[in-house]
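FYI, the numbering just counts along the sequence from 1.
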Amino acid sequence: MEKLTPTEPSRDEVNSLKGATMLEFGASWCGYCQAAQTTITAEIAQFPTIRHLKIEDGKGRRLGRSFHVKLWPTLIFMQDGVEIQRLVRQIDAAELKAALSSVSLPRDFSGDGI
């Protein structure tokens with residue numbers, strides 16, 4: 001498993017991130033996280049403009065709790081600090097690609113869809 005972020009950002013820092021971000025919550029010893037790494041690494045490589053933050057999660061880790069993370073891995077897809085989608089535990093390549101595609105597209109929050 002790729003190295004996890006040793007110090008987690010605050011929720012305010014994450015909420016202020018501009019552009020597309022994928023937060024990956026997990027633990028280095030987690031078998032589900034280890035099993036998902038090949039798929040995650042292959043799919044995220046196709047989206048170089050998406051920021052990928054790997055967050056070590058567990059007891060006493062505030063960022064994961066603020067997102068109500070209960071199972072690992074949990075992938076949270078954000079656009080300009082707003083959660084768009086999440087995938088939990090069993091990471092399917094097609095679902096991951098679709099989620100990455102959805103967050104990589106510019107968003108229009110004006111309400112008229114244009």
Return yes if some donor-acceptor pair links the side-chain N/O of [X] with the main-chain N/O of [Y] below 3.5 Å, else return no.
{"X": "Arg86", "Y": "Thr74", "answer": "no"}
{"X": "Glu43", "Y": "Leu96", "answer": "no"}
{"X": "Asp80", "Y": "Gly19", "answer": "yes"}
{"X": "Arg89", "Y": "Trp72", "answer": "yes"}
{"X": "Gln37", "Y": "Cys33", "answer": "yes"}

[X] side, atom [atom1]; [Y] side, atom [atom2] - distance, nearest 0.5 Å:
{"X": "Thr39", "Y": "Ile44", "atom1": "OG1", "atom2": "CD1", "answer": "12.5 Å"}
{"X": "Ser104", "Y": "Met22", "atom1": "OG", "atom2": "CE", "answer": "12.5 Å"}
{"X": "Leu100", "Y": "Glu95", "atom1": "CG", "atom2": "CD", "answer": "12.0 Å"}
{"X": "Ile76", "Y": "Leu63", "atom1": "CD1", "atom2": "CG", "answer": "8.0 Å"}

In one Ile/Leu/Val/Met/Phe/Trp/Tyr side-chain cluster, 4.5 Å: Leu23, Val88: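 Leu23 does not cluster with Val88.
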Path from Trp29 to Ile55 over hydrophobic side-chain contacts below 4.5 Å: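 Same cluster: Trp29 reaches Ile55 through Ile, Leu, Val, Met, Phe, Trp or Tyr contacts under 4.5 Å.
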Please identify each residue that fulfils salt bridge (charged side-chain N to carboxylate O under 4.0 Å, His left out) with Glu13, with sequence neighbours left out.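 Partners of Glu13 under the salt bridge (charged side-chain N to carboxylate O under 4.0 Å, His left out) test: none.
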Do the ring planes of Phe67 and Phe25 sit parallel (below 30°), tilted (30 to 60°) or perpendicular (above 60°)?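 If you compare the ring of Phe67 with that of Phe25, the planes turn out tilted.
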On a heavy-atom basis, which atom in Met78 and which in Val103 lie closest, and how many Å separate them?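 Closest heavy-atom pair between Met78 and Val103: O-CG2, 2.9 Å.
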Contact summary for Ser102 and Gln85, nearest pair of heavy atoms: OG-OE1, 3.5 Å
Pairs meeting criterion salt bridge (charged side-chain N to carboxylate O under 4.0 Å, His left out) with involvement of residues 62-73, two or more places apart: Asp57-Arg65
Do the side chains of Ile91 and Tyr32 get nearer than 4.5 Å, heavy atoms only? no
Candidate list Arg51, His52, Glu83, test side chain to side chain donor-acceptor pair (under 3.5 Å), partner Thr21, passing option: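 Running side chain to side chain donor-acceptor pair (under 3.5 Å) over Arg51, His52, Glu83 with Thr21 returns exactly one hit, Arg51.
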